[in-house]
Asks: 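Take a look at this one; I'll ask things after.
As the structure lists them, so they are numbered: ligands from 1, and atoms in each ligand from 1. Residues take their numbers from the sequence shown, with the count starting at 1.
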Amino acid sequence: MSAVATFLTSTIGRKVLMALTGILLILFLVTHLAANLLILVDAEAYNAYSHALISNPLIYIAEAGLIALFVAHFASGILIYAQGRAARPSSYKDDRWAGGTSKKSFSSSTMILSGAFFLLFVPLHVWGFKFGTYYDAGNGIRDLHRLVVEEFQNPLLVAFYVVGMAILGLHMWHAFGSAFESLGVTQRDTLRRTGNVIAVVLAGGFMIIPLAIFFLGGGQ
Ligand code: HEM
């Protein structure tokens, strides 16, 4: 086995892989949120941005990289969870906050469940939007704005996104601090607070999109 393979199959290697892929996925979500907030501001600019993105040949490399990040993150998360369960003498029914300086929280003890939700969310989301109805905005540009605004007229879909983004926030609440701790950063309190802010901004920011479209309309 090569040195890299040996490292990645060790407990610490898996944690580092999960941390690095998690941080890159957070960066993707930050840019994805910023881009999608344009929906509420300027339909033309949103469509132009998305057109520029998908007509760039490098998009295939970026998409392959994104899929690899998701797969590596999910796989290392599941392996670490399974390893933890196998090594744990007591059942998870005994799980409870250990008091005092314990790092355990609802967010940290539900990471595997909140993460698993995205195995359902991401394929459904990409299917609905990326591979959803193709509306033409003219000049060969896709009217993605129209599709998103139409989709978020459906209250069930809005509810699914609001609940989904709350689960995203729950996952992020613990994820950011934990990732940097796995990479050896020791400023635990600062990391935790920064992670909490990122969780609220990402979940709240994404939630605003379906809610604003449903209640206020889709922007110009
Ligand atoms: C209200 C929230 C969101 C909106 C309005 C939104 C919108 C979109 C749209 C319109 C696309 C298609 C882009 C295109 O074809 O050019 C897309 C793609 C995608 N979205 Fe979202 N998104 C949201 C939240 C999320 C979240 C929370 C995640 C991940 C957890 C996510 C992951 C993705 C991925 C992986 C793609 C495929 C990217 C690609 O293949 O280029 N999105 N999103």
Asks: Can you list the atoms of ligand 1 that are under 4.0 Å from a heavy atom of Ile54?
Replies: 16 (O)
Asks: Can an N or O of Glu63 be found at a distance shorter than 3.5 Å from an N or O of ligand 1?
Replies: yes
Asks: Heavy atom to atom 13 (C) of ligand 1, shortest distance: which of Val149, Leu40, Leu144, Ile59 holds it?
Replies: Leu144
Asks: Measure Ala62 to ligand 1 on non-hydrogen atoms and call it side chain, backbone, both or neither using the 4.0 Å cut-off.
Replies: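 The answer is neither; Ala62 stays 4.0 Å or more away.
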Asks: What count do you get for protein N, O or S atoms closer to atom 21 (Fe) of ligand 1 than 2.8 Å?
Replies: 2
Asks: Does ligand 1 have an atom that lies less than 4.0 angstrom from a heavy atom of Leu202?
Replies: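 The answer is no: ligand 1 sits nowhere under 4.0 Å from a heavy atom of Leu202.
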Asks: Hydrophobic clustering (ILVMFWY, side-chain heavy atoms < 4.5 Å, transitive) - are Val148 and Val162 grouped together?
Replies: yes
Asks: Out of Leu37, Leu168, Leu29, Ile209, whose heavy atom is nearest to atom 29 (C) of ligand 1?
Replies: Leu29
Asks: Can you tell which of Phe117, Phe118, Tyr60 gets a heavy atom nearest to atom 30 (C) of ligand 1?
Replies: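 Answer by nearest heavy atom: Phe118.
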Asks: For ligand 1, is any non-hydrogen atom under 4.0 Å from Leu53's backbone (N, CA, C, O), its side chain (CB onward), both, or neither?
Replies: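 Neither part.
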Asks: Side chain or backbone of Lys130 under 4.0 Å from ligand 1, or both, or neither, by non-hydrogen atoms?
Replies: both
Asks: Going by the closest heavy atom to atom 10 (C) of ligand 1, which one wins out of Tyr49, Tyr46, Phe70?
Replies: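 It is Tyr46 whose heavy atom sits nearest to atom 10 (C) of ligand 1.
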